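Okay, so here's the structure we're looking at.
Worth saying up front: this structure is predicted, and the values here are computed from it rather than measured. These numbers come from the heavy atoms of this one structure, side chains and all, not from hydrogens, waters or symmetry mates.
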Amino acid sequence: MAKTVIIGGVAGGASCAARLRRLDEEREIVVLERGPYVSYANCGLPYHVGGVIPNREALIVQTPQVLRTRFNLDVRVRHEVTAINRGEKTVTVRDLGNGREYRESYDTLVIATGSSPVRPPIPGIDSPRIRTVWSVPDVDAIRELMGREQITSAAVIGGGFIGLEMADNLHHAGVEVTIIEALDQVMAPLDYEMALLLHENIRKNGVALHLGDPVESFTERDGVVTVALKSGAKVGAQLVILAIGVRANNALAKAAGLALNERGGVVVDEHLRTSDPAIYAVGDVIEIRDFVFDDRAMIPLAGPANKQGRIAADNIAGLSSIYMGTQGTSVAKIFSLTAASTGAAEKTLVHRGLRRGRDYETVTISQNSHATYYPGAAPMMLKLVFSRDGRKIFGAQIVGQDLVDKRIDTIATVLRLGGGVRELAGLELAYAPPYSSAKDPVNMLGFVAENLLAGRVSIAEWNEPDTNREAVFLDVREKPEHEAYRAPGSTLLPLSELRARIGELDPKKRHIILCGMGVRAYVAQCILAQHGFGNLAIYPGGMRFYRSTHNPLATAMA
């Protein structure tokens, strides 16, 4: 009887075990997990801290007992694998309950050891008030500390997914929160201007935000941790959440001599087989194929890890399944906004040496979540990055209040199936006033991108009004709108008066045209172009985008 041993019982490991049993009723399957839990919802941990998910047991997807009875799996929690002995096809295991050490044989082995939070050697980082959020025991310890000491202040180090979700949930629990990020923006998968929308919203919610200011040291005294920053600023907090990234748990693979990449990820083939044909690896510990660029990367996400577990099980059971790669589709609730992305950001293309206008283009538009006349319509900003011929979508980003997830999922699907701009424009999507508009925001991205590629429209950079003082920043909104908020340096010429007053404009100058959302600016560009104006561009996203990206709440570094 064939035997498979799986190291790690969360996400990829649990998924692999369950799928393998469904395919092979006779196989012996052993799951070894060093922690006390298997198959738990680690993505839900921040929401338990904040009380949004009050029942701790709701986080436990499957217990070892259920996995044993339902799937006939030999699940052993608190059993740590300390070595992989490839020559004899065994693993060395330590029972953490009694300290006993033994060897377990395998025919095939699956490494699903995941990743662990990074804890850099910063002075004072070993304080018990400095916590990470990666497991159920982590959350138990945080909730115990919060309840015992009635925590009223917290500092979150790191502005990524976990850091922002923890900040949101601590704020929800009534804690005064400060976010500290070493980079100049939160949410690294987003381009800078899209992240500015989050900066504005975070501060509007009363949360302090320090950007571009790394931590130098921690000092604990009288129940308060003082976080000293490189700038000289100091933040005091009773609780510190460390969320600055993760590192692959590769020690077993490395010691066993399996091939690793330069970042420590286990190298696997398209079937998720390592350099040892009897050993597979899945989840955060592996190097994967970047779906967009068809090269190698490491993208630690729960969705891909679960799919990889399923595919590894297929191949172990004698099927032939291929992992096609990861495009990094993600979504997060960040205070009163939702931020989502798929594929590559523009800054990723720039880092790879690609140039806008030569290798790729972008469009950024402002749309409402559903028909404006139906109550509750909320604004969203959408950015699309695509090839110069329009045939390839490199990526997309959306920030808004409502129905962001379904739009990013739609674009992610088109990207995955090899569609481009034309396919976005041609999608037939469900419409009723409570859910969308007759022209869905995804369709609108396609329409604007088609116009750009056809030369019918030109779009300025979001910060060009700041960098190009020679250009005329032309506001074509109506006078009451202009009086309510005026962009510095802008010139008002309402669209309703444009034809009659066109002689007031110099056709030799560059004009950046601004309106509320972008529609009137496009009409104005069409009019001016047909009157001999050759250097025209629309401001992306209209006044909605301009106001947010130029709000001091968004741009301040501290």
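- To the nearest 0.5 Å, atoms CD1 (Ile111) and SG (Cys16) are separated by 12.0 Å.
- Side-chain contact between Lys333 and Tyr47: present, with at least one pair of heavy atoms (C-beta onward) separated by less than 4.5 Å.
- The 12-atom threshold is not exceeded at CZ of Arg247, counting heavy atoms of other residues, nucleotides or ligands nearer than 6.0 Å.
- His79 contributes a side-chain N or O that, together with a main-chain N or O of Val77, makes up a donor-acceptor pair within less than 3.5 Å.
- For the residue pair Asp138 / Ser135, a side-chain donor-acceptor distance below 3.5 Å is found, with atom types taken as modelled.
- When only modelled atom types and interatomic distance are considered, Arg407 and Ser436 share a side-chain donor-acceptor pair under 3.5 Å.
- Taking the charged nitrogens against the carboxylate oxygens, Glu220 and Arg129 do have a contact shorter than 4.0 Å, which makes a salt bridge.
- The shortest non-hydrogen separation linking Gly264 to Ala248 is O-CB, 4.2 Å.
- Note: Tyr546 and Tyr485 have tilted aromatic rings, judged against thresholds of 30 and 60 degrees for the angle between ring planes.
- For the pair Val227/Ile180, a side-chain contact is recorded, criterion being any heavy-atom separation below 4.5 Å from C-beta on.
- Of the N and O atoms on the side chains of Glu193 and Thr549, not one donor lies less than 3.5 Å from an acceptor on the other residue.
- Not one N or O on the side chain of Arg544 forms a donor-acceptor pair closer than 3.5 Å with the backbone of Gly541.
- Two residues are said to be in side-chain contact when any heavy atoms from C-beta on lie closer than 4.5 Å; Met146 and Val175 meet this criterion.
- Heavy-atom contacts from other residues, nucleotides or ligands closer than 6.0 Å to CZ of Arg148 number more than 12.
- More than 12 heavy atoms of other residues, nucleotides or ligands shown are found within 6.0 angstrom of CD on Glu144.
- Remark: of the listed residues Lys307, Arg22, Arg19, Arg19 is the sole one forming a salt bridge (Lys or Arg N to Asp or Glu O under 4.0 Å) with Asp314.
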Inset, instruction - Go through the steps for Val93 and Thr82 under the test side-chain contact (heavy atoms from CB on, under 4.5 Å), then give the verdict. - result: CA-CA 6 Å; Val93 187; Thr82 58; over 6 Å; no
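- For Leu445 against Ile365, the heavy-atom pair with the smallest separation is N-CD1, 3.6 Å.
- Judged by distance alone, with hydrogens and angles left aside, the side-chain atoms of Asn250 form no donor-acceptor pair with the main-chain N or O of Ala253 at under 3.5 Å.
- Of all heavy-atom pairs between Leu301 and Gly328, the closest is CD1-CA, 3.8 Å.
- Distance check: Asn443 CG to Leu424 CG gives 8.0 Å after rounding to the nearest 0.5 Å.
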Inset, instruction - Check the pair Leu553 / Asn551 against side-chain contact (heavy atoms from CB on, under 4.5 Å), numbers first and verdict last. - result: CA-CA 5 Å; Leu553 291 177; Asn551 188 332; 3.5 Å; yes
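- Between the side chain of Gln397 and the main chain of Val399, no donor-acceptor pair closer than 3.5 Å is present.
- Atom OH of Tyr435 has 12 or fewer neighbouring heavy atoms from other residues, nucleotides or ligands inside a 6.0 Å radius.
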Inset, instruction - Determine, step by step, whether Ile202 and Leu164 satisfy the side-chain contact (heavy atoms from CB on, under 4.5 Å) criterion, reporting the C-alpha distance in whole Å, the side-chain angles of both residues, the deciding distance to 0.1 Å, and the verdict. - result: CA-CA 9 Å; Ile202 289 168; Leu164 293 180; 4.0 Å; yes
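- In plain terms, the two heavy atoms of Val38 and Gly9 that are nearest each other are CB-O, 3.3 Å.
- Looking only at distances, a side-chain donor or acceptor of Arg203 sits under 3.5 Å from a matching main-chain atom of Ala556.
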Inset, instruction - Mind running side-chain contact (heavy atoms from CB on, under 4.5 Å) on Tyr40 and Ile60 for me, showing each step along the way? - result: CA-CA 4 Å; Tyr40 60 85; Ile60 311 301; 4.1 Å; yes
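- Salt-bridge annotation for Asp295 and Arg352: present, with a side-chain N of the basic residue lying under 4.0 Å from a carboxylate O of the acidic one.
- Donor-acceptor pairing under 3.5 Å is lacking for the side chains of Asn249 and Thr113.
- Contact check for Val81 versus Arg34: no side-chain heavy atoms found under the 4.5 Å cut-off.
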Inset, instruction - For His370 and Asp402, run side chain to side chain donor-acceptor pair (under 3.5 Å): C-alpha distance rounded to whole Å, both residues' side-chain angles, the deciding distance at 0.1 Å, then the answer. - result: CA-CA 9 Å; His370 56 68; Asp402 192 24; 5.1 Å; no
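- Formation of a donor-acceptor pair under 3.5 Å by the Glu181 side chain with backbone atoms of Gly159 is found in this model.
- Taking the six-membered ring where tryptophan is involved, the planes of Tyr539 and Phe545 are tilted, since the angle between them lies from 30° to 60°.
- Put simply, the side chain of Val133 does not reach to within 4.5 Å of the side chain of Glu165, judged on heavy atoms.
- Not a single donor-acceptor pair under 3.5 Å links the side chain of Ser437 to the backbone N or O of Asp440.
- With no hydrogens or angles considered, a side-chain donor-acceptor pair links Gln238 and Thr152 at under 3.5 Å.
- Remark: Asn205 CG to Ser336 OG distance equals 4.5 Å, nearest 0.5 Å.
- By the 4.5 Å heavy-atom criterion applied to side chains, Asp466 and His550 are counted as neighbours.
- Contact of the Val246 side chain with the Trp134 side chain is registered, since non-hydrogen atoms from C-beta on lie closer than 4.5 Å.
- The backbone N or O of Gln65 sits less than 3.5 Å from a side-chain atom of Thr69, completing a donor-acceptor pair.
- Interatomic distance, CD1 of Ile130 versus CD1 of Ile125, reported as 6.0 Å (0.5 Å rounding).
- Residue Glu262 qualifies as open at atom CD: its count of foreign heavy atoms under 6.0 Å is 12 or below.
- A donor-acceptor pair is defined here as one N or O able to donate and one able to accept, closer than 3.5 Å; such a pair exists between the side chain of Glu33 and the backbone of Gly35.
- Remark: Arg296 engages Glu287 in a salt bridge, criterion side-chain N to carboxylate O under 4.0 Å.
- In terms of modelled atom types and a separation under 3.5 Å, the side chain of Ser369 and the main chain of Ala378 share a donor-acceptor contact.
- In Arg94, the CZ atom is not crowded: 12 or fewer heavy atoms of neighbouring residues, nucleotides or ligands sit closer than 6.0 Å.
- Going from atom CG of Leu190 over to atom CG of Leu198 covers 6.0 Å, rounded to the nearest 0.5 Å.
- More than 12 heavy atoms of other residues, nucleotides or ligands shown are found within 6.0 angstrom of CZ on Arg289.
- Within a 6.0 Å radius of CD in Glu176, no more than 12 heavy atoms belonging to other residues, nucleotides or ligands are found.
- Between Leu59 atom CG and His48 atom NE2 the span is 6.0 Å, to the nearest 0.5 Å.
- The side-chain heavy atoms of Pro137 and Tyr37, taken from C-beta on, include a pair separated by under 4.5 Å.
- For Leu211 against Asp184, the heavy-atom pair with the smallest separation is CD1-O, 3.9 Å.
- Using a cutoff of 4.0 Å between basic side-chain nitrogens and carboxylate oxygens, Arg78 and Asp95 are not scored as salt-bridged.
- The two residues Leu170 and Ile241 have their closest heavy-atom pair at CD1-CG1, 4.1 Å.
- Comment: Lys383 engages Asp191 in a salt bridge, judged by a side-chain N to carboxylate O separation of less than 4.0 angstrom.
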